[in-house]
Amino acid sequence: MTSNIEACREALAHLDLDCNVNTVQQKSRDFYWYSPILKEQLGHITADFVVAPRNEAEVVEILATCYKHNVPVTTRGAGTGNYGQAMPLFGGVVLHMKHLGNVVAINDDHFIAQGGAVIEHIETSLRAVGKEIRLFPSTMSSATIGGFIAGGSSGVGAIRWGGLRNPANIRRLRLVTMEETPRVLDLVGEDISKAAHAYGVNGVIVEVEMPADPSTDWVDVMIGVDSFDNSCRLALQIGEDATIDKRMLSNFESAIPMAYFLRHRRFFVEGEALLAVTVSRATVERLVEVVEAYEGARIALRYDQLEEGLKLPAAFELAWNHTTLRALRVDPTITYLQMLVPRPVMFEKQAEVKARFGDELLLHYEFTRFDGVVAPVALPIVRHTTNERLEEIIQILEQELGLPVFNPHRVTLEEGGMKKTNPVQLEFKKQADPKGLLNPGKMIAWDNPDWVPVAGKTYLFAE
Ligand code: FAD
């Protein structure tokens with residue numbers, strides 16, 4: 001199948017096109033450089049040109065034209081994805097969602113927004129009418145809602161509502177397919193999983209409908225705790241305490257806040273683990289009561305009692321993958337991992353991790369709700385030495401310690417996820433993208449449905 005880029009560019013010349021080599025390269029990148037492995041593999045990647053549709057009809061036109069000329073299309077929100085998700089591995093077109101940024105409607109219990117709407121804009125629009133978004137990534141100031149659904153997984157709010165996989169958290173996705181005559185589909189119920197967390201390989205999300213909840217006045221509170229284990233115990237207690245309304249619950253080994261949270265560290269004490277809680281103003285005093293009764297814990301900082309004139313980044317901008325960002329700003333050799341630490345064995349497993357890796361791996365958990373149960377998701381910081389060592393660490397975690405790693409050093413859906421192909425998304429792709437032109441190279445199942453993972457080997461970049 002040969003692409004005819006020139007004919008495609010000419011046919012789309014009346015739209016908002018960017019053909020400047022430098023800006024096209026910029027728009028072909030995401031936060032892949034968080035990974036030293038992806039940094040080596042993807043640095044040269046660039047699209048042929050960028051096109052930014054102004055409405056749904058233009059999305060349809062772009063996809064039909066690219067289909068006709070066999071040109072790959074990679075959709076881009078804000079490019080804050082971490083795994084090269086938004087990078088056009090096989091060149092072609094980057095479809096930039098920047099003009100599709102409107103909040104379309106706010107109703108009693110939900111909102112409708114275009115796929116390129118920046119999440120902070122959605123939250124501000126909701127707050128203006130006494131509502132709030134349920135779940136957002138810590139990149140909410142720039143990330144788009146379509147990019148969050150297609151590329152993200154969880155975030156602030158997950159301690160109340162679970163992650164994006166919770167069916168209650170997405171009500172409808174409006175999707176344009178990539179066929180000779182593209183279809184515009186409204187996916188609801190179980191069908192949402194065909195396109196959610198699919199890296200845009202199954203269509204372009206042009207509109208989303210998601211729940212909106214009554215707004216709460218939130219306050220960030222930082223708690224110093226004498227050990228990481230104790231900060232975990234306190235997090236579980238707060239997580240399960242129905243008298244404390246919280247939006248975020250994150251904890252960090254002591255070395256992280258002292259070394260990397262530069263604007264906050266004067267509030268911390270050397271050797272103390274940090275527990276960051278976003279709590280409702282109505283229940284903040286109840287939180288304080290619980291902390292004061294907990295041996296070894298103290299309130300280090302309350303955002304509702306900041307000294308006058310002091311402005312600090314929101315707690316969520318220390319948490320989720322912002323922890324890695326803050327660490328990288330201090331030490332560019334840092335990288336990170338994402339893994340599940342099953343709650344029933346979490347204390348035993350974290351002791352094994354520390355015994356095995358010491359300070360090479362610093363623990364950081366985000367507490368979320370899985371099927372109603374509070375449990376940690378780990379985003380540890382890794383002090384990186386070589387890529388071989390990084391692969392070895394992942395193998396030890398998975399194979400010797402039994403901890404599932406969602407590998408952020410891989411560009412494919414499968415390797416970064418459950419290490420197996422997703423038959424529902426594969427079947428849908430056959431209908432929605434029969435030529436395999438949407439974000440090619442990201443779904444192993446499309447090229448090789450019988451793939452099985454080989455430890456330490458990357459699918460696309462195997463030597
Ligand atoms: P992009 O990076 O532009 O795209 C992500 C993927 O979605 C790509 O595969 C792209 O092709 C596809 N895509 C984008 N828009 C569409 C569309 N309209 N239709 C179809 N496909 C589309 N992730 C979390 O889940 N939770 C976090 O808390 C979080 N924190 C982060 C913190 C930092 C500092 C960084 C760098 C990343 C973080 N991420 C987090 C990852 C990322 O920010 C989120 O996934 C974010 O929501 C992506 O949005 P985006 O608009 O930047 O998407």
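Counting starts at 1 for both ligands and their atoms, in listed order. Note: hydrogens, waters and symmetry copies are ignored here, and every other heavy atom, side chains too, is used.
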Which pair of heavy atoms, one from [X] and one from [Y], lies closest together, and at what distance?
| X | Y | answer |
| --- | --- | --- |
| C232 | N251 | SG-ND2, 3.4 Å |
| V341 | P376 | O-CG, 3.6 Å |
| V24 | D18 | CG2-O, 3.2 Å |

Strictly under 4.0 Å, does any heavy atom of [X] approach an atom of ligand 1?
| X | result |
| --- | --- |
| Y34 | yes |
| A198 | no |
| D30 | no |

Quick check on contacts: which atoms of ligand 1 are under 4.0 angstrom from a heavy atom of [X]?
| X | value |
| --- | --- |
| N82 | 35 (C), 36 (C), 37 (C), 38 (C), 39 (N), 41 (C) |
| G152 | 25 (O), 45 (O) |
| A143 | 46 (C), 47 (O), 49 (O), 51 (O) |

**Asked** salt bridge (charged side-chain N to carboxylate O under 4.0 Å, His left out): which pairs involve residues 419-429, sequence neighbours left out?
**Response**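 Passing the test, one end in residues 419-429: E398-K419, E427-K430, K429-D433.
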For [X], which part has a heavy atom under 4.0 Å from ligand 1: side chain, backbone, both, or neither?
| X | result |
| --- | --- |
| S154 | backbone |
| F148 | both |
| H322 | both |

**Prompt:** Are E179 and K435 ion-paired here, with the side-chain N under 4.0 Å from a carboxylate O?
**Reply:**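 Salt bridge flag = no for K435 with E179.
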**Message:** Do the side chains of E132 and R160 get close enough for a salt bridge, i.e. N-O under 4.0 angstrom?
**Reply:**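 Yes, this pair counts.
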From the candidates [options], the one that places a heavy atom nearest [atom]:
| atom | options | result |
| --- | --- | --- |
| atom 20 (C) of ligand 1 | G81, G203, G163 | G203 |
| atom 19 (N) of ligand 1 | L325, I205, T323 | I205 |
| atom 3 (O) of ligand 1 | G77, A158, A86 | G77 |

Which residue and non-hydrogen atom of the protein lie closest to [atom], and at what distance in Å?
| atom | value |
| --- | --- |
| atom 33 (C) of ligand 1 | T139 CG2, 3.3 Å |
| atom 44 (C) of ligand 1 | T80 OG1, 4.0 Å |
| atom 9 (O) of ligand 1 | Q85 O, 3.0 Å |
| atom 13 (N) of ligand 1 | A150 CB, 3.7 Å |
| atom 6 (C) of ligand 1 | G151 CA, 3.8 Å |
| atom 1 (P) of ligand 1 | G79 N, 3.6 Å |
| atom 23 (N) of ligand 1 | P137 CB, 4.1 Å |
| atom 53 (O) of ligand 1 | G147 CA, 3.3 Å |

**Item:** Short side-chain to backbone donor-acceptor contact, T144 and G147, under 3.5 Å
**Value:**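 Checking the backbone N and O of G147 against the side chain of T144, a donor-acceptor pair under 3.5 Å is found.
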**Request:** For N439 and P88, indicate whether the former's side chain and the latter's backbone hold a donor-acceptor pair under 3.5 Å.
**Result:**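 No, N439 side chain to P88 backbone: no donor-acceptor pair under 3.5 Å.
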**Asked** Within a reach of under 6.0 Å around CG of D371, are more than 12 heavy atoms found that belong to other residues, nucleotides or ligands?
**Response**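 No - once you tally the heavy atoms of other residues, nucleotides and ligands closer than 6.0 Å, there are 12 at most.
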**Prompt:** Is there side-chain contact between M210 and I145, with heavy atoms separated by less than 4.5 Å?
**Reply:**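 Yes; the side chains approach each other to less than 4.5 Å.
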**Prompt:** For T75, is at least one N or O under 3.5 Å away from an N or O on ligand 1?
**Reply:**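 Between T75 and ligand 1 (N or O atoms, distance only) the closest approach is under 3.5 Å.
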**Message:** Tell me whether S138 has any N or O atom under 3.5 angstrom from an N or O of ligand 1.
**Reply:**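 N/O-N/O distance below 3.5 Å exists for this pair.
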**Request:** Not counting sequence neighbours, list each pair that qualifies as a ring-ring contact (aromatic ring centres under 6.0 Å, His included) and has a residue in residues 45-86.
**Result:**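 Every candidate ring-ring contact (aromatic ring centres under 6.0 Å, His included) pair involving residues 45-86 fails, so no pair, neighbours aside, qualifies.
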**Message:** Pairing donors with acceptors under 3.5 angstrom, does anything connect the side chains of S138 and H322?
**Reply:**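 Per modelled atom types, S138 and H322 side chains form a pair under 3.5 Å.
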**Candidates F268, F261, W320 - the one meeting ring pair (Phe, Tyr, Trp, His ring centres under 6.0 Å) with F252** =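 For F252, the ring pair (Phe, Tyr, Trp, His ring centres under 6.0 Å) test succeeds with only one of F268, F261, W320, which is F261.
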